[in-house]
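Chain letters run A, B, ... following the sequence lines, proteins first and then strands; every chain starts at 1.
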Protein chains: 2
Amino acid sequence: MRTKHEVGTRDRVVRATARLMQRQGYTGTGLKDISREAEATLGSVYHFFPGGKVELAVAAIGHGDREFADLLRTVMAREDHPADAMVACARELATGMRDSEWMDGCPVTTTALESARRLPPIRDAAERAFANWHGIVRDKLTAAGFDDDTASDVAHTVVSTFQGAEMTAQITRTTTALDLAGSHLARLVRSYRE
Amino acid sequence: MRTKHEVGTRDRVVRATARLMQRQGYTGTGLKDISREAEATLGSVYHFFPGGKVELAVAAIGHGDREFADLLRTVMAREDHPADAMVACARELATGMRDSEWMDGCPVTTTALESARRLPPIRDAAERAFANWHGIVRDKLTAAGFDDDTASDVAHTVVSTFQGAEMTAQITRTTTALDLAGSHLARLVRSYRE
DNA sequence: GTCTATAGTTTGATAGAC
DNA sequence: GTCTATCAAACTATAGAC
């Protein structure tokens, strides 16, 4: 019987795909890499994902989407003021980057950037992720008293800046870009203060 | 005789590599794609780049580095106040993205993200590009009266945010993220006003 | 659901004539 | 410097036994 906590083959495959694609991209990740990393045979991979590599990438992006959304929601719920949430969120991202020794960037963008043009399902999945994250940040800002338009606008820049800073941190192998992104986003949020 | 304005085979190959990798990434771009796009034979490609694909990618990243650096320098020189430069710069990036129908993102990041971990020369080239861009923005801010530390800090966030917003614009196929990045960075710069 | 074997392409790179 | 031909390896995907 399947319980909620059992990690089946399908889940292992999705996680392995997300982990590998966030480090090597879409084209750079082979199905044999995935089946090895997931400890599943190639037959099992195709059993769960008959659509092949594209279907796997879409599932991996969905996984990365939920992962970052969970982080965002947790931090937004924990921190009272949205400006504090910006700093805390940047710190979480910085810790993750450093702990992985600058290997684990954003699984969504690393996978989507190189394939968005030729593989529409992948681009669509990435677009859904961005919209999801944007909504979480926007809701926190409106809950803090921002008017709807300002909250939506600032949320867009928050998402863009976190993405860019994570990328910069990965390339430069320092948390500098993320630390500064957190404090500057906090400053931006505070600049709208009553 | 080689004049400054002649575009030789080597240049065509570098440009073709940059153009293709900014759309398809490092692994997604084949040497045959490059030789076809550059209208050069495979023999010519290896004649100029005996180091193969890695050497090609490093040259392509250097090309993308100079391209964005030129754009930054032009805008910084044209606009008097750095806040105006942020808006103008975002607008230039937005125009380029829209004109290419959301295909041409940043050649540096698209190439480097998926390969930085396993190919150090590529990561190093990308790191040099980030440092170069950072220096240009920082110098504009110090010239405008910012103290050295603040200028350097803000310049980091400017580069991160432009990168992230360009990526977001590419995925969402709207200039929204870039437009907002420009105006929010201008707001950030102005918040340090005397 | 899991496994092995393999088909059919494409890849990065090299050799050698011109 | 340019070109063609080709290698060995890797790739995505499928077939079919269990």
Side-chain angles (χ1 to χ4, degrees), chain A residues 1-3 6-21 23-61 110-112 114-115 117-122, chain B residues 1-3 6-21 23-61 110-112 114-122 125:
Chain A
M1 175 206 159
R2 300 276 266 106
T3 74
E6 177 189 349
V7 177
T9 303
R10 203 197 121 97
D11 284 333
R12 289 205 316 281
V13 171
V14 172
R15 283 177 220 263
T17 306
R19 198 159 47 234
L20 289 172
M21 288 193 178
R23 298 180 180 190
Q24 316 173 10
Y26 176 80
T27 325
T29 301
L31 292 178
K32 293 195 171 154
D33 298 333
I34 293 171
S35 81
R36 184 170 10 86
E37 175 92 359
E39 300 183 88
T41 63
L42 202 53
S44 294
V45 172
Y46 273 98
H47 171 74
F48 288 108
F49 299 93
K53 203 181 187 182
V54 171
E55 193 181 343
L56 276 165
V58 169
I61 289 178
T110 308
T111 306
E114 54 152 318
S115 55
R117 191 184 58 108
R118 40 196 173 114
L119 302 169
I122 294 184
Chain B
M1 174 206 159
R2 300 276 265 105
T3 75
E6 177 189 348
V7 178
T9 303
R10 203 197 122 96
D11 284 333
R12 288 205 316 280
V13 171
V14 172
R15 283 177 221 264
T17 306
R19 198 160 44 234
L20 289 172
M21 288 194 179
R23 299 181 179 189
Q24 317 173 12
Y26 176 80
T27 324
T29 300
L31 291 177
K32 296 198 169 147
D33 298 334
I34 292 171
S35 80
R36 183 170 11 85
E37 175 92 357
E39 300 183 88
T41 63
L42 203 51
S44 294
V45 173
Y46 272 98
H47 170 74
F48 288 108
F49 298 92
K53 204 182 186 182
V54 171
E55 194 182 342
L56 276 164
V58 169
I61 289 177
T110 308
T111 306
E114 54 152 319
S115 55
R117 191 184 59 107
R118 30 188 183 123
L119 302 169
I122 295 185

Over all atoms of both residues, closest heavy-atom pair of A/Ala59 and A/Val14: O-CG1, 3.8 Å
Given DNA chain D, 5'-ward residue of the pair A/Pro50 and B/Gly43, judged by closest heavy atom: B/Gly43
Residue pair B/Ile34 / B/Glu37, side-chain heavy-atom distance below 4.5 Å: no
Atom-to-atom span, NZ of A/Lys32 to C1' of C/dA7 - whole angstrom: 11 Å
Rounded distance in Å - CG (A/Leu42) to P (C/dT6): 15 Å
Sugar-phosphate, base or nothing in reach of B/Thr29, heavy atoms under 4.0 Å: sugar-phosphate
Length of the line joining A/Glu39:CD and C/dT2:P, which is rounded to integer Å: 13 Å
Sugar-phosphate, base or nothing in reach of B/Gly30, heavy atoms under 4.0 Å: sugar-phosphate
Between P of C/dT4 and CZ of A/Arg36, the distance in whole Å: 14 Å
Minimum-distance nucleotide to B/Thr9 side chain [options: D/dC11, D/dT2, C/dG1]: D/dT2
Selection from C/dG1, C/dT14, D/dT2 that lies nearest to any side-chain heavy atom of A/His47: C/dG1
Whole-Å gap separating C1' (C/dG1) and CZ (A/Phe49): 14 Å
Nucleotide of D/dT12, D/dC11, C/dA13 approaching A/Asp33 most closely (side-chain heavy atoms): D/dC11
Nearest atoms (heavy-atom pairs only) where A/Gly51 meets A/Glu55: N-OE1, 2.6 Å
Step-by-step side chain to side chain contact (heavy atoms under 4.5 Å, CB included) determination, B/Thr9 to B/Arg12: CA-CA 5 Å; B/Thr9 303; B/Arg12 288 205 316 280; 3.9 Å; yes
Nearest-Å distance for atom pair CG/P, residues A/Leu31 and D/dA9: 21 Å
Rounded distance in Å - NZ (A/Lys53) to P (D/dT14): 15 Å
Nearest listed nucleotide, side chain of B/Tyr46, among D/dT2, D/dT12, C/dG12: C/dG12
Close side-chain approach of A/Tyr26 to A/Lys53, heavy-atom, < 4.5 Å: yes
Under 4.0 angstrom between A/Thr41 side-chain N/O and C/dT2 OP1 or OP2: no
